[in-house]
There are 2 protein chains.
Amino acid sequence: MKIGERWKRAFELSRKRITPSRKAIVEVLEEQRKHLSAEEIYSCLREKHKKVGIATVYRNLELLSQMGIVHRVNFGDGKEHYEIARIPALHHHHLVCTVCGRVIDYQDFRKEEHEFMEGLGRVLETKYDFLIQSHQLYFYGICKDCRLKEVGE
Amino acid sequence: MKIGERWKRAFELSRKRITPSRKAIVEVLEEQRKHLSAEEIYSCLREKHKKVGIATVYRNLELLSQMGIVHRVNFGDGKEHYEIARIPALHHHHLVCTVCGRVIDYQDFRKEEHEFMEGLGRVLETKYDFLIQSHQLYFYGICKDCRLKEVGE
DNA sequence: CTAAATGCAAACGATTTGCCTTCTG
DNA sequence: CAGAAGGCAAATCGTTTGCATTTAG
């Protein structure tokens, strides 16, 4: 089942209403398949002629995050970004350049890597009595372009 | 060599001045040994009767982050947090409760875990031509207290 | 001495909130 | 129909910036 069908189910279970705004926001995130800021999502909605206020966008992104339908990611650029939650096999992480802010998505997780995270998660769940729903891994450093520029100076 | 001595060296190398504000900020982060927001650091400084403007706190946290002396961490609560960088063996990660925002520091990395991150980092450096300086792992979920409350409702 | 760093207050920008209207279930 | 959700504009609050002044090297 693709996540697109899955989320309606989640709404029923948590007794939240399925409204046009919510549908539209999930739609945008599914189509774009990348991390977007609230403002970017808002722009996409306007382009599609869906009239949704920015406050509603924020309120629903908060809700969708709590429901685990979207993931909130932060690259230290002053705003939150949101991306649709994928099935574990498509889970990915980010490399953030601390100089220019560029973000590279890293998706080619090898099987061992995936198993490693699962295992670590289970250890933590037991040790801290904490129900883990997701995880995010960030690598910070300097991208190729910025390294070349630095040398040039 | 503890990081406390190490940072002065880093300042000389990057031709940055060692000022009272900078010393004081690093001092606070070393003493507290936990993640603090800019405002919290500012308060600590005032308690210690160090007169440093909030703008200077922000400017220096930015600088210290770029130098790798402090790590910027974000728990999705609307503000950045900062913690002193530790030696790799003391590196730690965070479990964030998506309901109440509580953050648990997880420090008991096993050796394999440490090696795994190193290995993964090297793979990414090669593949994306990206110089990795640090990484952060976040686990998101629901803490014990919040799970108990949810059931009660 | 001079460029770098600071302090202060004003500016900014992302996110939140209050309140009244609209709509889902 | 009742309570949940949305729209709009105002309010909030973490963070940044401009500029005159101080200071480290």
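Residue A:L63 contributes atom CG, which lies 13 Å from atom C1' of D:dG6 at whole-angstrom precision. Between A:Y82 atom OH and C:dT15 atom C1' the separation is 8 Å, expressed in whole Å. Between the CZ atom of B:F11 and the C1' atom of C:dA4 there is a distance of 13 Å, given to the nearest Å. Here the P atom of nucleotide C:dT15 and the OH atom of A:Y42 are 14 Å apart, to the nearest Å. As rounded to whole Å, 14 Å separates atom P of D:dG25 from atom CG of B:L13. In this structure, CD1 of A:I41 is placed 17 Å from C1' of D:dG6, rounded to the nearest angstrom. Rounded to an integer number of Å, the gap from CD of B:E39 to P of D:dT16 is 12 Å. The nearest whole Å value for the distance from the CG atom in B:N60 to the P atom in C:dA4 is 15 Å.
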Could you walk me through whether B:E30 and B:K23 pass the salt bridge (Lys or Arg N to Asp or Glu O under 4.0 Å) test, one step at a time? CA-CA 11 Å; B:E30 282 188 328; B:K23 265 193 231 169; over 6 Å; no

Assess whether side chain to side chain contact (heavy atoms under 4.5 Å, CB included) is satisfied between A:S21 and A:N60, documenting all intermediate values. CA-CA 8 Å; A:S21 331; A:N60 283 325; 4.0 Å; yes

Take A:Q107 and A:H93, measure what side chain to side chain donor-acceptor pair (under 3.5 Å) needs, and give me the verdict at the end. CA-CA 6 Å; A:Q107 345 203 12; A:H93 295 296; over 6 Å; no

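A:Y138 and B:Y138 have perpendicular rings, their planes meeting at more than 60° on a 0 to 90° scale where under 30° would count as parallel.
Contact annotation: the side chain of A:S134 approaches that of A:H71 to within less than 4.5 Å [non-hydrogen atoms, C-beta and beyond]. Contact of the A:L137 side chain with the A:M117 side chain is registered, since non-hydrogen atoms from C-beta on lie closer than 4.5 Å.
Evaluated for a salt bridge (Lys or Arg N to Asp or Glu O under 4.0 Å) with A:E27, the options A:R22, A:R33, A:K48 yield exactly one hit, A:K48. Checking each of B:E80, B:E62, B:E83 against B:R72 for a side chain to side chain donor-acceptor pair (under 3.5 Å) leaves exactly one that passes, namely B:E62.
Within residues 44-58 of chain B, the residues that have a heavy atom under 4.0 Å from DNA chain D are, in order of number, B:A55, B:Y58.
When each of D:dG25, C:dT15, D:dC8 is scored by its nearest atom to the side-chain atoms of A:R59, the top-ranked nucleotide is D:dC8. Between C:dT15, D:dG14, C:dA5, one nucleotide has an atom nearer to the side chain of B:R17 than all others, and that is C:dA5.
Here A:H35 and A:H94 bring their ring centres to under 6.0 angstrom of each other.
In the helix from C:dC1-D:dG25 to C:dG25-D:dC1, the rotation axis of the first five pairs and that of the last five pairs differ in direction by 50°, rounded to 10 degrees.
For the pair B:E62 and B:T19, nearest-nucleotide mapping onto DNA chain D gives the more 5' position to B:E62.
At the heavy-atom level, B:S21 lies under 4.0 Å from the strands shown only through sugar-phosphate atoms.
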